[in-house]
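Since the structure comes first, as structure tokens, the remarks are kept for the end.
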Amino acid sequence: MLTTRTMAHRIDGKAFAAGIGGEVAKAVHRLRQEYGVTPGLAVVLVGNDPASEVYVRNKARQTVSAGMQSFEHRLEASAGEGEIRALIAGLNADERVHGILVQLPLPAHVDAEAILGAIDPAKDVDGFHPLNVGLTASGQKALVPCTPLGCLMLLRDLHGDLSGRHAVVIGRSNIVGKPMAQLLLRSNCTVTIAHSRSENLPDLCRRADILIAAVGRPEMVKADWVKPGATVIDVGINRIAAGEGKTRLVGDVDFAAVSEVAGAATPVPGGVGPMTIACLLANTLNACCRSLGIPVNADLTP
Ligand code: GUN
């Protein structure tokens with residue numbers, strides 16, 4: 001018997017993120033014309049982790065492209081907690097700064113939770129401050145972490161209403177897994193959070209209508225972990241050896257194989273990654289609007 005196999009829809013996060021960037025840029029232009037205010041984002045980098053350097057450069061470039069002000073602050077890897085806190089206190093008080101992001105990971109000697117808790121919650125565009133974590137968990141208005149917000153936007157664009165769908169999130173980090181589960185729950189999904197200690201992980205994943213992989217293990221999710229027709233969102237960014245001294249980026253999902261089974265899937269690169277920065281710009285715009293007491297763009301919030 002001849003069977004026809006259709007490949008999964010390839011979700012184009014790059015194009016979607018460019019659309020959000022365009023919306024943000026238009027809103028920034030209007031803010032400047034009507035209120036004489038330019039949204040500003042401050043990024044703090046402690047030390048010189050090469051991956052963090054790349055992220056911070058990209059963030060600064062796209063912030064400026066959207067017409068916002070970018071403030072970059074670099075501290076030595078040896079910087080103490082007092083020095084970082086003093087910098088944050090200055091940014092909290094600076095009227096030109098509407099969003100503050102402290103790039104993670106911080107050096108091991110720094111208490112990251114204490115630093116994140118020192119950011120003014122109204123400027124916490126990463127959504128990592130305990131107040132924003134709590135507001136998100138209880139379904140209230142909050143600044144929401146950028147990567148899960150980007151995933152949610154992609155899912156809403158693809159499916160519209162997510163009510164009743166079974167979402168399985170692999171990974172329980174504070175940056176992605178936990179807030180992702182909260183946002184899906186808020187969208188009326190049935191949510192399972194799986195992690196490295198979960199038993200029968202492939203079985204759990206096969207029950208998902210929506211599968212979110214955020215574990216940091218290269219190509220861990222195989223084709224036979226995926227329910228036919230499911231939507232697969234890959235948050236992983238893993239650099240692996242590609243022979244002859246070269247490297248390449250892969251996600252947590254074996255994209256080529258999974259594409260033969262899934263209904264839709266995000267590639268790496270070009271899937272979730274660009275959405276994270278787009279949502280950071282949207283959060284900065286929203287933080288600025290809230291500080292002025294003007295309505296935020298509902299399309300750019302959860
Ligand atoms: N490092 C990896 N992802 C993130 C993120 O979303 N925000 C910050 N601040 N640091 C990160």
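As the structure lists them, so they are numbered: ligands from 1, and atoms in each ligand from 1. By convention here, the first residue in the shown sequence is residue 1.
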Review point. Atom CG in Asp126, atom CG in Leu143: separation rounded to 0.5 Å?
Key: 9.5 Å
Review point. Can an N or O of Leu101 be found at a distance shorter than 3.5 Å from an N or O of ligand 1?
Key: no
Point to revise | Between CD1 on residue Ile115 and CD1 on residue Ile84, distance to nearest 0.5 Å | key: 4.5 Å
Check your understanding: Can you tell me the protein heavy atom closest to atom 10 (N) of ligand 1 and the distance?
Key -> Leu104 N, 3.0 Å
Exercise for review: For Tyr55 and ligand 1, answer yes if some heavy atom of the residue is under 4.0 Å from a ligand atom, otherwise no.
Suggested key: no
**Study point:** Pair Asn297-Asn286, side-chain donor/acceptor within less than 3.5 Å
**Key:** no
Output a table of donor-acceptor pairs, distance under 3.5 Å, between side-chain atoms of residues 99-109 and any protein atom two or more places apart or on a different chain; print 'none' if there are none.
residue: Gln103; atom: OE1; partner: Lys59; partner atom: NZ; Å: 2.5
residue: His109; atom: NE2; partner: Ala79; partner atom: O; Å: 2.9

**Study point:** ligand 1 to Val102 polar contact by distance, N or O atoms, under 3.5 Å
**Key:** yes
Check your understanding: Looking at side-chain heavy atoms only, is the closest gap between Thr247 and Ile240 below 4.5 Å?
Key -> no
Study note, to complete from the structure: for atom 5 (C) of ligand 1, nearest protein heavy atom and its distance come out as Asp126 OD1, 3.9 Å
